[in-house]
Amino acid sequence: MAALLEVENLRKAFGGLVAVNDLSLAVAAGEVLGLIGPNGSGKTTLLNLIAGTIRPDAGKIRMAGEDVTRLANHLRVRRRINRTFQLVRAPPNMPAIGTVMAAVLYGAGERVRFKDAGYEAAGWLGEMNVLTKADRRFDQLTYIEQKRVELARALATRPRVLLLDEWLSGLSPSELEGGMSVVWSLAAQGIAVILVEHVMTAVRALCHRVIVMNAGAKVAEGRPDAVLRDPEVIRAYLGDEDA
Amino acid sequence: MAASAEDRRRRRTRTAAAIGALVALVAVLATVPLLTSDYQLSFMVNVMSYLVLTIAWALFSGTTRLVSLATSAFFGIGMYTVAMSIKILPLYASFALAIVVGAAVALVVGVLTLRLSGMFFVIFSFGLSEMIRELMVWWEINQTHTMGRYVYVPFDTTMIYEHLLGLAVVVFLVGWLLRRSRLGIALLVIGEDETVARQVGINVPFTKVAIFIVSAMFMTLTGALMAPRFSFINPNFAFNPLVSFVVVIMALLGGLQKLWAPVLGVIPLIILSERLQTQFPFWYSVLLGLVFMVIVYFLPRGVTGLLEDIWKALGRPLALPRGFTGPLLDAWAWLSRPIFLPRGLAGIIEERWLKIMPRANEKR
Amino acid sequence: MPLIEVILGGVILGGLYALVAIGFNLQFGMARIVNLAYGEFLMGAAFAAFFMYTLFSINPIVGMLLSVPVSFAANWLIYRVLMLPLVRRARTRDDLEGQTILATFGLLFVLRGAATLAFTADNRYYNYLGVPLNIFGFTFAANRVLACVLACIFGGASLMVLNRTRFGTALRALNIDPIGAELVGIDVRGMAGLAFAGGGALAAAAGTLVSTFLTFNPAIGIEFTMKALVVVIMGGIGNMAGCLTAGLLLGIAESLCSYYVDSGLTLAVAYALFLIVLVVRPRGLFGTP
Ligand SMILES: Nc1ncnc2c1ncn2[C@@H]1O[C@H](COP(=O)(O)OP(=O)(O)OP(=O)(O)O)[C@@H](O)[C@H]1O
Ligand SMILES: [Mg+2]
């Protein structure tokens, strides 16, 4: 598989703390790449770097062959990279559909007429099963509804690379099943998904490949079942003594 | 389906009523100079100029939630550009020049400060007017050796008033359209969460600068139109920080949620100002400051918020016969719906929703 | 030869600006309140010094014994009565910034109006130590030099308190992480109130010093607030050493401008400097990009 998104030797430090250290990865269309690691290992920071929320200190990010390392966040959205946030984020006082409409109007690339944007946004909310909440203020939705609205917002920009930051965490078992099938269908549509996740059942079931991070660096990469048995990985998660 | 069609019809009637009411209002306002004394006319000129300034202020600050204290800078730029160019340019050309200068300053200030933290913008806007005043004083004394300019043009108070009225209509329309447009949605998202705004593909700095320029152009033009009212203008008069202050008070007093809300702030404050200035001229600044603080502390949502609360407290099922005021109330309610969702959209969604969810329709 | 003299004059002025900015930074950086009425306390102290000197011939430096504590108390009250409700009401930091900007903007007009009422809008001036002083062969006005020396003493003392005492450590914690500070048992609001009051005290000290060598009127407040803001942004919010450097820079730039161009352009200089910093180093002179 040819890589759609390539990350080379990415590095980001906050003061003395190296949050992402010389990390490289590649992900192909239709592939689900798991990104796991203990708390504070730099997963969110890595997603922030790829999405353009923050700038790297060094390294390269290539999207479909184009170097996007220096591109601003909103331009990367138009290059079809999008993400959800670990702590769900959307304008709290706007109705759910407002954000999705903005995404349709600004993120989708081709010019959509204002009138049609409403229909299209409603369509995305429908796809995520939250259309009945379209006119509700975002902060009045339940957690799972917020997550779905946020994903609808990301999808409305028609991403080819989608970065999901613990999108499946905090769900009940039945909600988790629904969420997993959503992610699966995204990959089936040819979207490259990078899935940051602590829920191991989801990682095992969904990911074609897993990268394990620890203290900002990549410590293992491979098929989920193999990687999760790797003693190095277990040490990263449980600390040295237990290994 | 039926409900939807009826809904649409009702909405269309309401729109027509509202537009009709507004046209009638503008027509009445346009005849004001014929009917009133000089004093009343000058009062109306004040109202109109502050109305434009306040709505223009709210266009930018109400949506991006950045408190701009630069109103007096743009107002002054408009006024002083006209004062400087009136001897060499025809009147309307100097108005146009003023707009260009105002837009250029807004562009520079916006590009330099708006892409950074909001704080920088506020700080910059706080001193902008003082700085330009300082520069102009220096320029006039050292380069042109004049301290102040005479503006004698055949542009009397009636003309000023009619132009300001026209400008008020335009700024109102711009605000109205903005709420139903691409740009309007972008501004709402930016105002609530910039990170998300970037993540939906909005060019945040560009959008902010754009609306800042639009808002500044209205302020500049107001200043330009007001210039012929004063026969003698110097920089200290044109760049008066009180203008920024008063505009912020008016906007906050009126409330920011609704487009027409500034009216409720402008009129009482102008009446109050005139009272204060004639009766307690020395207490003016103190009392105005106190009024301002009262608003910040006790009326965070402005008079409109207060009215809304009262309205809610009174309760809707106060079923009086509709009679003559019925359509007016409808127009009122239609105009005063909250800013969050552009109107056109609500209709679309409702329609869509009813189509997809027939049961929700039945339940009603 | 004149260039050096001009620069030294700028350093003397810069010392004063640094003091003004340190006070502002205590309020902005530590107490997290953007006080647009800051300069009004400076102006108030200048008038206090003027009247004490002209009416009772009290030495302005001695007069500080009165004006500084009064300003401290007044600012503490302002924090308690006017700012705390806003602090309680605000949901986010941005929210608080917006609210305090508005409230102190109103306060600015109240105080300035009150001063105009009480003292009239006339320019005031009194002659205190207006004698030439010879230092290393350069001549400076004695009152300016004294102002700079005192500014350095006050500024230095504040820095010592901030860096060397438990109290100062707690204050710096407020700047870095208010929530964390609360978690380790610092009385955040109490401390913020003291920081705010301390800022007001420094404003009064600076105002007294300003009055010894500048003409002033009730409207000078805004100018000093502006300059304090510019210096604080350049030096870094909460960064006192940065304040010192940026203050000196502003003083020198202003001094150069008044020598080579015009002395009426001080605000324009501050703005130009501000803009250069914004463009070249958007995170302040000492910020990490
Ligand atoms: N803006 C920032 N400033 C300073 N340090 C930061 C910043 N963002 C992240 N960090 C630090 O970088 C490290 C990596 O954080 P990151 O959020 O990427 O971890 P994570 O792997 O996503 O953890 P979790 O599983 O808890 O979400 C952490 O030590 C964090 O404290
Ligand atoms: Mg994370």
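Within every chain, numbering begins at 1; the chains are lettered A, B, ... in the order of the sequence lines, protein sequences first and strands thereafter.
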Inset, instruction - Considering only heavy atoms and a distance below 4.5 Å, find which of C/Leu275, C/Thr116, C/Ile101 pairs most often with chain B. - result: C/Leu275

Inset, instruction - Sort out for me which of C/Ala114, C/Ala268, C/Ala115 touches chain B most, counting heavy-atom pairs under 4.5 Å. - result: C/Ala268

Inset, instruction - Mind listing the closest non-hydrogen atom pair of C/Leu265 and B/Glu134 along with its distance? - result: C-OE2, 2.8 Å

Legend entry - For chain B, the option from C/Leu86, C/Leu107, C/Leu82 that forms the most heavy-atom pairs under 4.5 Å: C/Leu82

Inset, instruction - Could you tell me which portion of C/Thr266 (side chain, backbone, both or neither) has an atom closer than 4.5 angstrom to a non-hydrogen atom of chain B? - result: both

Inset, instruction - Against chain B, label C/Ile237 side chain, backbone, both or neither, depending on which of its atoms sit under 4.5 Å from a heavy atom there. - result: neither

Legend entry - Approximate separation, where rounding is to 0.5 Å, of C/Glu223 CD and B/Glu130 CD: 8.0 Å

Legend entry - Minimum heavy-atom distance between B/Val296 and C/Arg89, given as atom pair plus value: O-NH2, 2.8 Å

Inset, instruction - With a 4.5 angstrom heavy-atom cut-off, could you sort out which part of C/Leu108 is near chain B: side chain, backbone, both or neither? - result: side chain

Legend entry - Interface moiety of B/Leu288 toward chain C, non-hydrogen atoms closer than 4.5 Å: neither

Inset, instruction - Could you tell me which non-hydrogen atom of B/Met293 sits nearest to which non-hydrogen atom of C/Val110, and how far apart they are? - result: SD-CG2, 4.2 Å

Inset, instruction - Sort B/Tyr284 into side chain, backbone, both or neither according to what part of it lies under 4.5 angstrom from a heavy atom of chain C. - result: neither

Inset, instruction - Enter the distance from C/Leu229:CG to B/Phe126:CZ here, rounded to the nearest 0.5 Å. - result: 7.0 Å

Inset, instruction - Supply the atom-to-atom distance B/Leu135 CG to C/Leu267 CG, rounded to the nearest 0.5 angstrom. - result: 9.0 Å

Legend entry - Residue B/Val122 versus chain C: region with a heavy atom under 4.5 Å: side chain

Legend entry - Side chain, backbone, both or neither of B/Ile249 within contact of chain C (heavy atoms, under 4.5 Å): neither

Inset, instruction - Kindly state whether the ring of B/Phe292 and the ring of C/Phe109 have centres lying under 6.0 angstrom apart. - result: no

Inset, instruction - Evaluate whether atom CZ of C/Phe51 has more than 12 neighbouring non-hydrogen atoms of other residues, nucleotides or ligands under 6.0 angstrom away. - result: yes

Legend entry - C/Asp262 side, atom CG; B/Ile141 side, atom CD1 - distance, nearest 0.5 Å: 7.5 Å

Legend entry - Donor-acceptor contact below 3.5 Å, side chain C/Tyr271 vs main chain B/Phe124: yes

Inset, instruction - Look up atom CD1 in B/Ile295 and atom CG in C/Leu102, then write down how far apart they are to the nearest 0.5 Å. - result: 10.5 Å

Legend entry - C/Phe119, CZ: over 12 other non-hydrogen atoms inside 6.0 angstrom: yes

